[in-house]
There are 2 protein chains.
Amino acid sequence: MEQRSTSITLLDVAEAAGVGESTVSRVLRDHGSFSEKTRARVMAAVETLGYVPNRIAGALASTGSPLVAIVVPSLSNIVFADVLRGVAQTLEAGRRQAVFAVSEYEPSREEALVAAMLAWRPAAVMLAGLEHAEGTRRMLRAAGCRIAELLDIDGTPQDLAVGFSNRTAGRVSALHMVQRGYRRIGYVGHDIGQDTRAGKRLAGFRETLAEAGLAPASEDIRAVRSSVGEGRIGLAALMARQPQLDAVYFSNDDMALGGYFHCLEAGIAVPGQLAIMGFNGLDIARHTPQPLTTIETPRDEIGRIAAQLVLDDAPPQTVDCGFRLVEGATV
Amino acid sequence: MEQRSTSITLLDVAEAAGVGESTVSRVLRDHGSFSEKTRARVMAAVETLGYVPNRIAGALASTGSPLVAIVVPSLSNIVFADVLRGVAQTLEAGRRQAVFAVSEYEPSREEALVAAMLAWRPAAVMLAGLEHAEGTRRMLRAAGCRIAELLDIDGTPQDLAVGFSNRTAGRVSALHMVQRGYRRIGYVGHDIGQDTRAGKRLAGFRETLAEAGLAPASEDIRAVRSSVGEGRIGLAALMARQPQLDAVYFSNDDMALGGYFHCLEAGIAVPGQLAIMGFNGLDIARHTPQPLTTIETPRDEIGRIAAQLVLDDAPPQTVDCGFRLVEGATV
DNA sequence: ATCGGTATTGGCAGCGCTGCCAACGTCACC
DNA sequence: GGTGACGTTGGCAGCGCTGCCAATACCGAT
């Protein structure tokens with residue numbers, strides 16, 4: 001019950017229960033065979049002593065690793081938080097522990113974090129996207145642990161990839177606007193150097209406009225991280241330059257909401273005067289006066305599936321979780 | 001360079017560099033003394049072999065723990081993600097590793113997660129708020145590790161507490177509305193059984209209304225987690241019952257934004273016909289057509305300070321990080 | 001009562017690293 | 001030339017647990 005400087009070990013429990021160390025270990029892990037009587041005595045001793053197994057020691061002694069490392073670009077963006085949650089939940093059920101770090105969208109930082117993570121000998125390392133520094137890839141390859149790349153399947157995965165095609169999402173968005181009759185479509189986005197997935201959506205969007213025989217979109221690409229404020233500024237800037245636009249595709253919902261708020265304030269009728277489309281399917285975007293037309297992505301599911309594949313030690317594969325076009329009231 | 005089944009150990013590096021194990025350990029940790037010549041040889045061997053130290057073994061052998069455990073109620077709520085980021089960043093600089101889990105606002109789950117976390121022998125366990133299951137408190141006390149309770153200082157901390165007074169925040173909000181001349185003030189909130197911090201804000205809010213000689217607020221408290229949609233529904237319900245209200249205090253910005261969107265859609269003038277006030281200071285709430293009047297909380301700072309206190313092994317204390325009233329355009 | 005087979009159990013060698021201590025030179029100084 | 005102090009270094013005993021293997025107990029069948 002009370003704490004002690006020299007902690008209680010397996011051996012203490014074994015002595016208290018009058019059994020051997022290995023027996024206690026077997027009972028606690030419910031692995032191997034032992035009698036019901038033994039289990040009861042061991043559990044009683046554990047209870048009495050207030051024993052808490054030391055997983056550090058366990059991890060060192062056993063072969064498989066109980067840790068899974070996750071490096072996300074950001075936590076301000078709810079997208080990664082959702083993925084993280086899915087991963088953590090699934091790992092928890094599998095008796096694994098998630099360790100994480102935030103790269104702030106910097107490849108060099110991601111590299112340093114992956115290096116630090118590998119020192120924990122994780123069963124797997126999970127990263128956002130398929131683009132990584134050469135050093136990151138090399139380390140990962142040499143580490144011999146599983147690698148899961150999330151939220152993107154447009155490219156060549158190292159091992160496991162779970163996500164959806166951002167390029168296709170961009171195409172679908174463009175097509176939706178074209179089909180709805182819009183012809184002068186612009187784009188407002190954030191830094192695609194950092195967020196390569198947004199870059200892929202933009203590429204798909206451009207392709208489809210071209211295929212539809214439309215002029216390349218007027219674009220306002222801001223060299224910063226996405227945010228509602230930047231979306232607002234971006235749309236204002238774009239409209240100042242190209243007032244004839246009838247629709248704008250945004251790099252994601254944060255940016256799109258910014259644009260939408262600009263319209264509300266500037267008295268621009270949506271979608272009559274200007275249609276707006278986002279990406280991600282954020283909860284808040286469903287509850288604006290007019291629900292935002294966007295593409296909903298299965299973030300939680302992506303995290304859960306990736307974690308499950310790691311738990312199952314599944315063979316290398318790419319899982320396309322798809323996405324869903326949400327027809328709101330802004331296009 | 002290439003991976004091997006039996007991994008490269010300190011001993012391999014020591015032999016390659018022609019020095020002893022302890023010397024390699026000293027060089028890699030930059031701890032103790034060694035010559036520049038030795039460092040160079042060791043580093044060369046590390047490079048050649050592609051050696052990655054095993055932190056699991058290191059943690060087991062050394063006294064202090066490199067891990068810090070964090071259990072947050074949710075990751076959907078950006079508030080906790082912000083705290084998590086602050087913690088992770090600061091720990092990283094201190095060569096510690098964050099491990100985390102999500103309790104989904106369930107005390108029993110928090111208890112189970114804390115138990116699981118303690119098996120990692122963390123240097124500290126960080127939790128949201130001061131209210132925890134009795135079992136959680138007992139385990140934490142017995143564990144003998146540092147405890148940091150975040151985002152709330154209204155109560156009796158176990159060890160470290162870093163946050164702000166939610167009760168005071170509630171009082172300040174009420175006072176602000178009263179001072180602005182509002183007299184028929186309502187409240188729309190989410191489940192305060194789960195989110196005790198929201199409950200404390202509500203308590204402060206009620207106190208101040210009473211002190212101002214105003215009638216108790218009409219309240220619409222929804223027994224669910226906070227969300228924009230619920231805020232919207234909640235305000236609609238409250239206004240249907242109490243159309244004479246001239247201001248509404250929301251349990252947080254998510255709820256408040258929902259209320260604001262309802263007003264935009266229902267044609268209720270804000271703040272002329274109805275004033276709206278939130279809590280948290282979310283980024284998006286700064287960019288709505290009218291910026292939301294709210295209270296901004298230093299979430300990132302709370303995470304950083306808590307992590308720093310743990311790194312410094314500071315004595316038990318409560319740090320009030322305060323909050324800031326943001327005068328938007330909705331009150 | 002004997003025997004093979006199965007269910008339980010204990011002993012102990014590591015897992016890879018750190019912390020401690022003894023053993024080195026190497027100097028400056030007497 | 002002797003001496004103590006200091007900067008370096010290597011050896012090795014654990015940290016607490018798991019995995020392996022041998023030992024023992026127990027069972028029904030012969």
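Sequence lines set the chain letters: A, B, ... in the order given, protein chains first and strands last, and positions in each chain run from 1.
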Please name the residue in the list A:E111, A:R138, A:Q158, A:E110 that meets the side chain to side chain donor-acceptor pair (under 3.5 Å) test with A:H132.
A:E110
Taking the side chain as everything from C-beta on, heavy atoms only, tell me whether A:W120 gets closer than 4.5 Å to A:V68.
no
Base, sugar-phosphate or nothing for A:T9? Non-hydrogen atoms, less than 4.0 Å.
sugar-phosphate
Nearest whole Å is fine: how far is C:dT9 C1' from A:H31 NE2?
15 Å
Find the distance A:R39:CZ to C:dT9:C1' and express it as a whole number of Å.
16 Å
Test log, rule side chain to side chain contact (heavy atoms under 4.5 Å, CB included), inputs B:E149 and B:L160
CA-CA 6 Å; B:E149 294 170 289; B:L160 296 166; over 6 Å; no
Between B:R121 (CZ) and C:dC17 (P), how many Å, whole number?
21 Å
Between C:dC17, D:dC17, D:dT18, which nucleotide gets closest to the side-chain atoms of A:N54?
D:dC17
Please report, rounded to the nearest Å, how far the P atom of C:dG16 is from the CD atom of B:E15.
13 Å
Of D:dG19, C:dC17, D:dG16, the nucleotide closest to the side chain of A:S7 is D:dG16
Phosphate contact (C:dC17 OP1 or OP2) by B:R55 side-chain N/O below 4.0 Å:
no
Nearest-Å distance, CG (A:L60) to P (D:dT18)?
11 Å
Enter the inter-axis angle for the ends of the helix from C:dA1-D:dT30 to C:dC30-D:dG1 (five pairs per end, rounded to 10°).
40°
Identify the pairs formed between an N or O of the protein and an N or O of nucleotides 11-14 of chain C at a distance under 3.5 Å, and give each distance.
| unit_1 | atom_1 | unit_2 | atom_2 | d |
| --- | --- | --- | --- | --- |
| C:dG11 | N7 | A:S22 | OG | 3.1 |
| C:dG11 | O6 | A:S22 | OG | 2.8 |

What's the closest nucleotide to the side chain of A:S35 if the choices are D:dG16, C:dG16, C:dT9?
C:dT9
Using 0.5 Å steps for rounding, measure from the CZ atom of B:R55 to the CG atom of A:L67.
11.5 Å
DNA chain C nearest-nucleotide lookup for A:T23 and B:G64: closer to the 5′ end is A:T23
Need one value for B:S33: base, sugar-phosphate or nothing, where a base atom within 4.0 Å counts as base even if backbone is also close, heavy atoms only.
base
Side-chain atoms of B:T63 come closest, of C:dT18, C:dG19, D:dG19, to C:dG19
